[in-house]
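First comes the structure, then the notes that go with it.
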Amino acid sequence: MIRTFSDIRRPLSALMLAAEAARRIAGLPGLFDHIVPGPEYQALCTSQGIADWFAWFLGDDVHLHRRKIIRHTKPGESGIGTATQAHYDLVYLREGSDRVLSMWIPLGDCPRERGGLAYLEGSHHWVMRQEREGSLKMPAASITADLPGLANERDARWLVTDYEVGDVVVHSAHIVHAALDNKDRGGTMRLSTDIRYQRLSEPIDWRWQEHWNYDDGL
């Protein structure tokens, strides 16, 4: 589900300025020590358009998981916070509700060559079925890095598009998705964040209630 929120552009701009300042001062420690717990990031993640939309969609009071991830991928780069392999989110959220929703937000324009998010068409159907049957392998991290191979195995397409500032994508914990490689010819970094909301009345994974850090084990 792709939506555009015009009211996130102001907090998004403030976050990007703060992130650039932290990068110049302290690099990766600046991201974890200043940006992730900072007011600009919190303002974006709790902006009225986002929080109100989740409350409307879920029909209940909602909870924002404190562990929110900022991904930063340069062309050809690998490592922490960079492009993710094929996976579905429930494998990281076993201690709470299986109805948690993720929102992926590009922090700036993200054409396909910059490595946006891709979804495996219809994958939530077989993931949910095999979860119920107990026949699905439970990967600790990812399913595979071979995106074409997985699509052929499942006779499905990877759904991709170009994203612009203000776009967001919301998905369930059962759909298989991945980040494409950043092949931007101009060397532009792809910045994005993923945050998670759920009904306040449902079980909450306690492991996601601290700020994201490189050594949090998730």
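On a predicted model such as this, the values are computed, not experimentally measured, just so you know.
Side chains of T73 and N182: no donor on one and acceptor on the other come within 3.5 Å. Side-chain polar atoms of H87 and D89 form a donor-acceptor pair below 3.5 angstrom.
Note that R196 lies outside the cation-pi zone of W208, set by a 6.0 Å cut-off to the ring centre and a 45° limit from the axis.
A side chain to side chain contact (heavy atoms under 4.5 Å, CB included) with S123 is found for exactly one of L150, I143, I175, namely I175. For the side chain to side chain contact (heavy atoms under 4.5 Å, CB included) with Q198, the qualifying choice from D60, I204, L64 is I204, the only one to do so.
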Exercise for review: Run the numbers on W104 and V170 for side-chain contact (heavy atoms from CB on, under 4.5 Å), then give the verdict.
Suggested key: CA-CA 6 Å; W104 182 82; V170 180; over 6 Å; no
Exercise for review: Any chance you could lay out the side-chain contact (heavy atoms from CB on, under 4.5 Å) test for E131 and M128, step after step, and finish with the verdict?
Suggested key: CA-CA 5 Å; E131 282 276 346; M128 293 178 71; 5.6 Å; no
Point to revise | E210 vs K68, salt bridge (charged side-chain N to carboxylate O under 4.0 Å, His left out): CA-CA, chis, key distance, verdict | key: CA-CA 9 Å; E210 299 295 337; K68 306 179 295 291; over 6 Å; no
Point to revise | Y119 and V160: CA distance, side-chain angles, deciding distance, side-chain contact (heavy atoms from CB on, under 4.5 Å) verdict | key: CA-CA 7 Å; Y119 291 89; V160 299; over 6 Å; no
Exercise for review: Decide side-chain contact (heavy atoms from CB on, under 4.5 Å) for W126 and L120; before the verdict, give the C-alpha distance in whole Å, the side-chain angles of both, and the deciding distance to 0.1 Å.
Suggested key: CA-CA 11 Å; W126 56 263; L120 187 62; 4.1 Å; yes
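Scanning both residues, Y41 and V36, for their nearest heavy atoms gives CD2-O, 3.2 Å. Taking all atoms of both residues into account, the shortest heavy-atom contact from G187 to P75 is CA-CG, 3.7 Å. Residues A118 and W158 share a closest heavy-atom pair of O-CZ3, 3.6 Å.
Looking at L93 and E95, their side chains never come closer than 4.5 Å, going by heavy atoms from C-beta outward. A 4.5 Å side-chain heavy-atom check between L117 and Y163 finds at least one atom pair inside the cut-off. Between R67 and H211 there is no side-chain heavy-atom pair separated by less than 4.5 Å. Between I50 and M103 the shortest side-chain heavy-atom distance falls below 4.5 Å. Under the 4.5 Å side-chain criterion, counting only non-hydrogen atoms from C-beta, I35 is not in contact with E40.
Taking NE2 of H72 as the start and NZ of K74 as the end, the distance is 10.0 Å to the nearest 0.5 Å. Atoms OG and CG, on S172 and L101 in that order, are 7.5 Å from each other to the nearest 0.5 Å. Atom CG of L191 sits about 12.0 Å away from atom CG of D109, to the nearest 0.5 Å. If you take CZ on R71 and CG on L107, they are separated by 11.5 Å, rounding to the nearest 0.5 Å. From L200, atom CG reaches atom CG of L58 across 11.0 Å, with rounding to the nearest 0.5 Å. Within the model, atoms CH2 of W206 and CZ of R66 stand 15.0 Å from one another, a figure rounded to the nearest 0.5 Å.
Under a hydrophobic clustering in which Ile, Leu, Val, Met, Phe, Trp and Tyr are joined whenever their side-chain heavy atoms come within less than 4.5 Å, directly or via other members, L147 and L159 fall into different clusters. Criterion: ILVMFWY side-chain heavy atoms under 4.5 Å apart, direct or through other members. Under it, I105 and F57 are part of a common hydrophobic cluster.
With salt bridges taken as basic N to acidic carboxylate O contacts below 4.0 Å, one links R207 and D205. Contact check on D184 versus R190 returns no salt bridge, with no Lys/Arg side-chain nitrogen under 4.0 Å from an Asp/Glu carboxylate oxygen.
Applying the ring pair (Phe, Tyr, Trp, His ring centres under 6.0 Å) rule to H63 yields the partners H65; only residues at least two apart in sequence or on another chain are considered.
By the 6.0 Å contact criterion, CG on D155 is open, its count of non-hydrogen atoms from other residues, nucleotides or ligands being 12 or less.
Panel note: side chain R157, backbone E121; no donor-acceptor pair is recorded below 3.5 Å. A donor-acceptor pair under 3.5 Å links the side-chain atoms of D162 to the main chain of R112, judged by distance alone. The main-chain N or O of Q42 is found under 3.5 Å from a side-chain atom of T46 such that the two form a donor-acceptor pair. Side chain of T193 to main chain of I69: a donor-acceptor pair is present (N/O by atom type, distance under 3.5 Å, no hydrogens or angles). With D167 contributing its side chain and E164 its backbone, the two residues share a donor-acceptor pair below 3.5 Å.
Ring planes of Y88 and H174: parallel class, angle under 30° (limits at 30 and 60°). Between Y197 and F54, the two ring planes are parallel [angle under 30°; tilted spans 30° to 60°].
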